[in-house]
A.B. asks: 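Handing you this structure, nothing more for now.
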Amino acid sequence: MATTRSAHTVWEGSLIEGNGVVTFDSSGAIGEQPVTWAARTQEANGKTSPEELIAAAHSSCFSMAFSHALAGAGTPPTKLVTSADVTFQPGEGITGIHLTVEGTVPGLDEDAFLAAAEQAKVNCPVSQALKAVPITLSAKLA
């Protein structure tokens with residue numbers, strides 16, 4: 001069954017001086033989050049950015065895809081720790097995403113872990129949605 005998740009943003013003012021609030025409508029789990037151009041291009045200072053939101057989506061989606069693939073191969077992970085770094089260049093846009101994963105997977109060697117991680121990177125639905133952006137990966141067993 002298909003699902004739809006929703007969020008909305010209320011923005012006030014110009015790009016440079018303005019500010020907005022992102023609301024996570026579907027879950028309400030995160031609550032309202034402030035967003036500004038300065039938080040996107042300089043220091044976050046307690047505000048989020050579209051890139052941080054993409055990083056959260058990508059790291060969680062990759063972790064789910066990787067866990068599923070490992071379990072399907074008979075080597076379910078004990079733990080996966082994934083981070084996503086999304087690079088934004090003003091005037092160019094999002095120029096790259098780097099995923100880093102460290103995992104505890106009993107019965108799996110480093111080569112098999114790396115191969116499975118690479119497959120999860122390619123097959124993760126968020127990776128699929130972001131195909132226009134170069135996505136790189138660092139993976140290692142804990």
Side-chain angles (χ1 to χ4, degrees), residues 1-73 75-106 108-142:
M1 172 181 354
T3 58
T4 301
R5 300 293 181 252
S6 302
H8 77 274
T9 300
V10 175
W11 187 268
E12 296 178 347
S14 68
L15 174 63
I16 304 301
E17 293 86 24
N19 62 77
V21 175
V22 177
T23 302
F24 296 83
D25 299 324
S26 300
S27 68
I30 300 173
E32 295 182 339
Q33 296 298 311
V35 60
T36 64
W37 177 253
R40 190 175 195 183
T41 60
Q42 301 165 29
E43 293 297 318
N45 291 322
K47 296 172 182 70
T48 194
S49 68
E51 291 72 30
E52 184 176 39
L53 299 171
I54 290 169
H58 207 172
S59 66
S60 60
C61 183
F62 172 85
S63 294
M64 289 180 204
F66 194 19
S67 175
H68 181 66
L70 289 168
T75 53
T78 303
K79 184 177 185 178
L80 298 172
V81 178
T82 305
S83 63
D85 298 307
V86 178
T87 302
F88 175 75
Q89 179 64 45
E92 290 182 48
I94 295 172
T95 58
I97 300 170
H98 185 73
L99 297 169
T100 304
V101 62
E102 184 172 325
T104 304
V105 186
L108 200 64
D109 67 22
E110 194 79 25
D111 288 340
F113 183 80
L114 293 172
E118 190 62 39
Q119 278 301 114
K121 179 192 85 167
V122 170
N123 294 323
C124 158
V126 171
S127 292
Q128 290 290 312
L130 299 171
K131 282 186 198 180
V133 178
I135 301 170
T136 56
L137 173 70
S138 298
K140 68 177 184 175
L141 287 170

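All of these numbers come straight from a predicted model, not from anything done at the bench.
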A.B. asks: Using every non-hydrogen atom in the two residues, find where Ala139 and Leu114 come nearest and quote the distance to one decimal.
C.D. replies: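 Here Ala139 and Leu114 meet closest at O-CD2, 2.9 Å.
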A.B. asks: Are side-chain heavy atoms of His58 and Ile135 found at a separation under 4.5 Å?
C.D. replies: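 Side chain of His58 against side chain of Ile135, heavy atoms only: contact under 4.5 Å found.
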A.B. asks: For Val101 and Phe62, run side-chain contact (heavy atoms from CB on, under 4.5 Å): C-alpha distance rounded to whole Å, both residues' side-chain angles, the deciding distance at 0.1 Å, then the answer.
C.D. replies: CA-CA 9 Å; Val101 62; Phe62 172 85; 3.8 Å; yes
A.B. asks: I need the Thr104 OG1 to Lys79 NZ distance, nearest 0.5 Å.
C.D. replies: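 So the gap between those two atoms works out to 7.0 Å.
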A.B. asks: Asp109 and Leu141: which non-hydrogen atoms are nearest, and at how many Å?
C.D. replies: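 Heavy-atom minimum between the residues: C-CD1, 3.6 Å.
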A.B. asks: How long is the straight-line distance from CZ of Phe66 back to CD of Glu118, given to the nearest 0.5 Å?
C.D. replies: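 Reported value, rounded in 0.5 Å steps: 10.0 Å.
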A.B. asks: Looking only at non-hydrogen atoms, find the nearest pair between Arg40 and Ser49 and report the distance.
C.D. replies: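 Heavy atoms only, the tightest pair is CA-CB, 4.0 Å.
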A.B. asks: What distance do Ile54 atom CD1 and Ser59 atom OG have between them, rounded to the nearest 0.5 Å?
C.D. replies: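 Between atom CD1 of Ile54 and atom OG of Ser59 there are 12.0 Å.
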A.B. asks: Looking at every non-hydrogen atom in both residues, tell me the closest pair between Thr78 and Pro106 and how far apart they are.
C.D. replies: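 It is OG1-CD, 3.4 Å.
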A.B. asks: Are the side chains of Leu80 and Ser67 in touch, meaning some heavy atoms are under 4.5 Å apart?
C.D. replies: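 The answer is yes; the side chains approach within 4.5 Å.
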A.B. asks: Can you measure from OG1 (Thr41) to CD (Gln89) and round to the nearest 0.5 angstrom?
C.D. replies: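 Rounded to the nearest 0.5 Å, the OG1-CD separation comes out at 10.5 Å.
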A.B. asks: Enter the distance from Ile94:CD1 to Thr87:OG1 here, rounded to the nearest 0.5 Å.
C.D. replies: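 Those atoms lie 9.5 Å apart.
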A.B. asks: Within the distance-only criterion (no hydrogens, no angle test), does the side chain of Gln128 pair as donor or acceptor with the backbone N or O of Val122 below 3.5 angstrom?
C.D. replies: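 The answer is yes, because a donor-acceptor pair under 3.5 Å joins these two groups.
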A.B. asks: Heavy-atom count around Glu43 CD within 6.0 Å, excluding the residue itself: above 12?
C.D. replies: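 No.
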A.B. asks: Considering all heavy atoms of both residues, which atom of Leu99 and which atom of Ala84 are nearest to each other, and what is their separation?
C.D. replies: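 Closest heavy-atom pair between Leu99 and Ala84: CD2-CB, 3.7 Å.
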A.B. asks: Can you classify the ring geometry of Trp37 versus Phe88 as parallel (below 30°), tilted (30 to 60°) or perpendicular (above 60°)?
C.D. replies: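 Rings of Trp37 and Phe88: perpendicular, over 60°.
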A.B. asks: Can you tell me how far OG1 of Thr100 sits from CG of Leu137, rounded to the nearest 0.5 angstrom?
C.D. replies: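 OG1 of Thr100 is found 7.5 Å from CG of Leu137.
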A.B. asks: So do the side chains of Ser6 and Ser26 get within less than 4.5 Å of each other, counting heavy atoms only?
C.D. replies: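 With C-beta onward as the side chain, the pair touches.
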A.B. asks: Work out which heavy atom in Phe24 is nearest to a heavy atom in Ala7; give both atom names and the distance.
C.D. replies: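 Shortest heavy-atom separation between Phe24 and Ala7 comes out as CA-CB, 4.3 Å.
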